[in-house]
Amino acid sequence: MQQQKSGTAAEAGPAQISVEARVSDLVRIGIIGLFAYWSLQLIAPFALIVIWSAILAVALFPMFTGLSRLLGDRPKLSATIIVIACLVLIIAPLALVSVNFADAILALVAQLKSDNFTLPAAPEAIRGWPVVGERLYAGWNQVAGNLAAAIMKFQAPLREVMGVIIAKFAAIGGGVLSFVASVILSGIFLTMSPRLAATIQVLAGRIGGERGVGFARLAGSTVRNVSRGVIGVALLQTLLCGLCFAFFDIPARGALTFAVFMLCLMQLGPGLVLIPAIIWAWFSWPASMAFAFTVVAIPITVVDNVLKPILMSRGLSTPMPVILIGVIGGTLSHGLLGLFLGPIVLSVFYELLRAWAWPSETLPGATAAPAMAENTGTD
């Protein structure tokens, strides 16, 4: 009888220990999960800024290393120069274009509220054109009158829609400040690039082994391709279009420049804005001025075909719908910062998904660009 009791106790002992171990593990996991959730809640307001700073650092890293070597291995000075250049060349024009676009929207809403909305009439010069001049002049005025009447008829719902748009653009100021903070933080990341690169390599290896390291390299390569080949070229074309519109005093140039930027990000090109502007110029301006505007606008339209092969280390395999969804979804979700962040994050996810599904086709072709992989000198 005693032997039976001792045997039962011996059997119950390990079982009880096993249950206690599982409960202890669950308690530990719960505490870790609680701290992880709490930490995420604390850093959530800064997450977008930090992510965009990291993306900027990855995209600017080759420029940073080249400039650092040129200045005699002085990374802090190189990072400072890059940050100042980004603030001057990107932030200032972007803020100016955004403010002008918001002003144009406010002016349109003011016209709708004043009940005197009109569309521009056809230029008188069209009436002098042979054969089709008179008909084109009359048709233009008729369409303008009918369209203005239709807009006035539906001005109440249009005002509501414009109110939503204005509310979105009211956050532009905060977006510009977030962009400024991201650029400054990216400069700090550049100066810390060796340690950050080593950390990313270790984390990628712990998570996925050698394949995880390959994923990290592919992510860095995709970030550079999209940021330089898509966003970089879009910013350059937008800057050129904005200067062109300002030089020729194009009406509503802020809204047109912003539209050019959106179209360039979506990989549709600035032609959808510049070609109608060229046609309008030939209708409204003297022939010499319209010819000069055409000569300047056409090279801006096709410059991306020359720059993209130069700026991309490999062909961008991300489909246009992915970038389009990233641009629209990022803008709707996170405002101005999401306009840049959306296409990059979605492109990285698409490339990593392809690499996971078809590793033999994707990972071997990835360039060695984890997040800032090579060592740089220090002051």
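Atom set for the values below is all heavy atoms of this structure, side chains included, hydrogens, waters and symmetry mates excluded.
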Rounded distance (nearest 0.5 Å) linking atom CD1 of Ile344 with atom CD1 of Ile51: 11.5 Å
Examine Val302 and Leu268 and state if one hydrophobic cluster contains both, with Ile, Leu, Val, Met, Phe, Trp and Tyr joined whenever side-chain heavy atoms are less than 4.5 Å apart. no
Side-chain heavy atoms under 4.5 angstrom apart, residues restricted to Ile, Leu, Val, Met, Phe, Trp, Tyr: same cluster for Phe35 and Val27? yes
Ala219 and Val348 have their tightest heavy-atom pair at CB-CG1, 4.0 Å
Closest non-hydrogen atoms of Gly187 and Ala79, given as atom of the first, atom of the second and distance, are O-CB, 3.5 Å
Gap separating the CG atom of Leu77 from the CD1 atom of Ile81, nearest 0.5 angstrom: 4.0 Å
Side-chain heavy atoms under 4.5 Å apart, restricted to Ile/Leu/Val/Met/Phe/Trp/Tyr: what other residues fall into the cluster of Leu243, or is it alone? Leu239
Starting from Ile43, walk the hydrophobic network (Ile, Leu, Val, Met, Phe, Trp, Tyr; side-chain heavy atoms closer than 4.5 Å) and list everyone else you reach, by chain and number. Leu40
Linking I/L/V/M/F/W/Y whenever any side-chain heavy atoms sit under 4.5 Å apart, do Val295 and Ile250 land together? yes
Per the salt bridge (Lys or Arg N to Asp or Glu O under 4.0 Å) rule, what does the pair list look like for residues 182-205, sequence neighbours excluded? none
Check step by step if side chain to side chain contact (heavy atoms under 4.5 Å, CB included) holds for Cys241 and Val273. CA-CA 10 Å; Cys241 285; Val273 172; over 6 Å; no
I need the Ile278 CD1 to Phe291 CZ distance, nearest 0.5 Å. 11.5 Å
Ile49 CD1 to Ile184 CD1 distance, which is reported to the nearest 0.5 Å: 10.5 Å
Between Phe248 and Phe293, how do the two ring planes meet: parallel, tilted or perpendicular, split at 30° and 60°? perpendicular
Expected output: side-chain Ser284 to main-chain Ala281 donor-acceptor under 3.5 Å: no
Going by heavy atoms in the side chains, are Ile325 and Leu346 under 4.5 Å from each other? yes
Under a 4.5 Å side-chain heavy-atom rule over Ile, Leu, Val, Met, Phe, Trp and Tyr, are Leu203 and Val50 clustered together? no
Measure across Cys264 and Gln237 and return the closest heavy-atom pair with its distance rounded to 0.1 Å. SG-OE1, 3.4 Å
Between Cys86 and Leu56, does a side chain to side chain contact (heavy atoms under 4.5 Å, CB included) hold up when you go through it step by step? CA-CA 10 Å; Cys86 288; Leu56 283 176; over 6 Å; no
Backbone N/O of Ser68 and side chain of Ser78: donor-acceptor pair under 3.5 Å: yes
Could you state the interatomic distance from CG (Leu71) to CZ (Arg69), rounded to the nearest 0.5 Å? 12.5 Å
Side chains of Val58 and Phe189, heavy atoms from C-beta outward: is any pair under 4.5 Å? no
If you group Ile, Leu, Val, Met, Phe, Trp and Tyr by side-chain heavy-atom gaps below 4.5 Å, do Ile298 and Leu256 land in one group? yes
Can you name the closest pair of heavy atoms from Thr301 and Asp304 and give their distance? O-OD1, 3.3 Å
In Å and rounded to the nearest 0.5 Å, what is the OG1 to CG distance from Thr65 to Leu190? 9.5 Å
Minimal heavy-atom distance between Trp52 and Ser182, with the atoms involved, is CD1-CB, 3.3 Å
Met262 CE: over 12 foreign heavy atoms closer than 6.0 Å: yes
Side chains of Ile300 and Cys244, heavy atoms from C-beta outward: is any pair under 4.5 Å? yes
Stepwise side chain to side chain contact (heavy atoms under 4.5 Å, CB included) test for Leu274 and Phe245: CA-CA 10 Å; Leu274 288 178; Phe245 292 156; 3.7 Å; yes
Can you see whether Thr294 engages Trp282 through a side-chain donor-acceptor pair at a distance of less than 3.5 angstrom? yes
Closest contact, heavy atoms only, Gly242 versus Thr257: CA-OG1, 3.7 Å
